[in-house]
Amino acid sequence: MSTQERITLFADVIVPLAVPNLFTYRIPNDWNELARQGQRVVVQFGKSKFYVGIIARIHDKSPQDYEAKYIKDILDATPIVNETHLAFWDWVATYYMCTPGDVMNAALPSGLRFSSETRIIKNDSFSLEEAAEDYFTEREWTLVAALEARTELSMLEVADALGIKNVQPVIQSLISKGAARVMEEMKGEFKPKKESYVRFTSEINEEKLQEIFKELEKKAVIQLEVLLKYIQLSQWHTKKPISVKKSALVNSSGNSSLNSLVKKNILEVYEAEVSRLKQSEERMLQSNELSIGQQEGLEKINKLFIDKNVILLHGVTSSGKTELYMQLIDDAIQQNKKVLYMLPEIALTAQLVNRLKKRWGNKVGVYHSKFGDNERVEIWNGLIQKEPLANSHQPIAPEYSVIVGTRSALFLPFSNLGLIIIDEEHDGSFKQQDPAPRYNARDAAIYLAQLCSAKVILGSATPSVETYYNALSGKFGLVELATRFGGVEMPEIVVCDLKEDTRKKLMKSMFTPYLLGCMEQALHNGEQVILFQNRRGFANFIECKVCANVPQCTRCDVSLTYHKKADLLRCHYCGYSIVLPKICPACGSPLIETKGFGTEKIEEDLALFFPKARTARLDLDSTRAKNAHANIINLFEERKVDVLVGTQMVTKGLDFDNVSVVGILNADSGLYFPDFRSVEKTYQLIAQVSGRAGRKSKRGKVVVQAYNSHHPVITRVMGNDFIGMYNDQMEERKNFAYPPFTRLIEITLSHRHQEDLDAMAPALADALKNRFGNDRVLGPEYPIVSKVQNFYQKKILLKIERDKYSLKMKDMVVDSINVFLKKGKDYTKTRIKIDVDPQ
Ligand code: ADP
Ligand code: ZN
Ligand code: ZN
């Protein structure tokens, strides 16, 4: 259209920086028809920095205050983010009080942002001498130093230099501070995997083929063999031949026969893209028949979905919730809709994916952060709606109907989303802590579903107080499954008093005699045991017997945890580690003892009590490798492991049918944290771990060891009394004005110098008190860990009544912060972190 070409068009582009606004760029006239919303573009920012950004909108209004630069390049032919998702990004940025760039960084797999081939170079126009010491974080300084020495680094080298995997945030931050930039060459980050295929040339038809047969029979039997094999593999006679890989036709004598056939213009070789993702056989098992209770539940869900968008499925552990989800997935697939199935943790995906693949084969995709970049990009691209390809020989890009994923899967570019399942909806891992956006994937999913006209099902045996409140008040539908599938009994819960057994000197390591007895019995019967301990590592800390010195992290206000296998003292907040000192660093005495029990120590002690038992450990340390978690779970499932020791990871959603005893070694350790959710979390934890016991034929037993065995929450768990716990909590939350009666915004200030922080934090708190009133602002206070990575921190908590909460209030918060930052030059050295709905 020639009229189009004359119009000057502009694009508002989201850049991967922590800036509040979008930037407007000019679209070169030639590209007017190429440029579309949702495409990636390369844009210049400042004098010498180039970024990959996304076009958020296209319009014809030139910016008022600056002259728009030209877009340098358009990277995609088809948009990689659709309009609905861009609207969703916008909501996430507004609701969670972060920048559009933060959201883009969380949403796009890094393969679409940088490639591993991308090289970071030092920005020559930046003067290091002029940078204040605290202009960079510790990590950033490390990277700056590495760039000084080498001028140019690949992503891998950056990861090496920093000793961490996730390097994007550090790089991004260094770029935004002007000290580094990305070398050009941003194109083609994603390299499709190619494979050679074989097909008949267009000259071949039935008649011709007969002639060729006759000829080859006489002169070239081996070529004939290859040809026949092709005909067989391609199912040529069905008239709908399927693609045949070249490698399948190459016989022991090599390529030569195939090459001759190609030379004779009978066959031709072509290249096509193949998937990196493992393709399993399509099996398509029939669905299980639902029990009467499940059937009723399903009918109720479908009825409620007529006028509710969100339903809470509250079903006790092993009640068959997953089976119900599978029915709902079936229904969605029937209607050609896609399903997003979210789980709080990667560790859970393996078992579920196996279960789903048995029914839907390759229609099931997986998406989480332990997947390689290319695999993630492939899933992403597989979901983008593309124009159908003309070439029928193009291999089938996997068409996913169900994606199982952790929270980041929420941003996948679904185009026809019908249902979002959020299993274990109460789980804190749905909330991203750092970096921004600090979003809760459960809550954000509800908004996304609304944008897509999709339905949401929240499932849990122990719903969060907020969700249960929403269900009781009618905002969500509520469906309950009160009994376990197949009439399996709820496990027997026995509480052991740690205080008493310690006093009587009956404890063996972290085990009461009762728990050891139960384990003995189970192992004797060939049954399995799960042990839960809240701490990883070997000992919580080490202490000098002479001077009581406890080695602390040099950057954080916490003691270091002892990891025996690595022989290191490690900080669980910043990763700092030192070799275990042979003598006390304070007094020089060699009498150092370990205190407290981590999972590593529990596993080691097991060998003393049960030398024949095969043990395994499931925690952050044992699952760092890509498939480690799945491997451990498989071993346990195949009964090659008798006792599984783990942290939170063993509490969630796993389904084993031979576990008869579950031991919770220190059940009330979480209760004494100053957290208004601590009772709720403790209830969820004990109930969830208990749920792993006795799932099929036999009633299981749960041994709950606790120092305060009479705590009300333990009584509630023993009585399987969720409602009782909920009512206790609601009363307390009402009295102290906590969610669901209020909404919280937590503001964390941090600074290198304690005195400065102590002086500044009250100033911001006062400003907020002036605006919102004294009752709504708590703090500033030091959190339990008051220093992390050399930064002291203080928190201010804003509580706003549910019915008063609005976007305007968030604007007021931002405004107060901006006013505060303008107060003095030093104030800009304060880092401010905003967390909406902190977990
Ligand atoms: P939940 O998700 O509530 O923990 P699951 O769906 O995992 O429960 O079900 C618990 C166990 O019962 C699983 O082993 C599952 O295979 C089995 N189960 C549930 N419903 C059925 C059904 N309708 N037919 C056969 N087995 C079922
Ligand atoms: Zn000492
Ligand atoms: Zn530390």
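Remember, it's 1-based here, ligands and their atoms both numbered in the order they're listed. We use all heavy atoms of the structure for the numbers below, so side chains are in, but hydrogens, waters and symmetry mates are not. Note that the numbering runs from 1 along the sequence shown for the chain.
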For Gly320 and ligand 1, does the shortest N/O to N/O distance drop below 3.5 Å?
-> yes
Side chain of Arg692, backbone of Gln688: donor and acceptor closer than 3.5 Å?
-> yes
Side chains of [Y] and [X]: any donor to acceptor distance under 3.5 Å?
| X | Y | value |
| --- | --- | --- |
| Gln552 | Ser559 | no |
| Ser464 | Arg442 | yes |
| Glu680 | Gln684 | yes |
| Gln528 | Ser660 | no |

Are [X] and [Y] close enough that their ring centers fall under 6.0 Å?
| X | Y | result |
| --- | --- | --- |
| Tyr468 | Phe722 | yes |
| Tyr562 | Phe541 | no |
| His426 | His314 | no |

Opening angle at the Zn ion (ligand 2) [SG, Cys547; SG, Cys587; to 10 degrees] = 110°
Angle subtended at the Zn ion (ligand 2) by SG of Cys584 and SG of Cys544, to 10 degrees?
->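 The two atoms form an angle at the metal of about 110°.
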Counting heavy atoms only, which of Gly315, Gly459, Ser318 comes nearest to atom 10 (C) of ligand 1?
->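 It is Ser318 whose heavy atom sits nearest to atom 10 (C) of ligand 1.
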For Arg536, the option from Asp619, Thr647, Asp621, Thr599 that meets side chain to side chain donor-acceptor pair (under 3.5 Å) |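 Between Arg536 and the candidates, side chain to side chain donor-acceptor pair (under 3.5 Å) is satisfied uniquely by Asp621.
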Side chain, backbone, both or neither: the part of Gln294 lying under 4.0 Å from ligand 1 by heavy atom |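 The part of Gln294 near ligand 1 is the side chain, not the backbone.
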May I ask you to identify, for Gln327, whether its side chain, its backbone, both or neither come under 4.0 Å of ligand 1 on a heavy-atom basis?
->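 Gln327 to ligand 1: no contact under 4.0 Å from either part.
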Residues Glu600, Lys564; criterion salt bridge (charged side-chain N to carboxylate O under 4.0 Å, His left out); working and verdict = CA-CA 8 Å; Glu600 198 186 350; Lys564 188 171 181 186; over 6 Å; no
Report, in ascending order of atom number, the atoms of ligand 1 lying under 4.0 Å from any heavy atom of Glu289.
-> 22 (C), 23 (N), 24 (N)
Sorted by chain and number, protein N/O/S atoms nearer to the Zn ion (ligand 3) than 2.8 Å are Cys553 SG, Cys556 SG, Cys571 SG, Cys574 SG
With a 4.0 Å cut-off on heavy atoms, does Arg484 reach ligand 1?
-> no
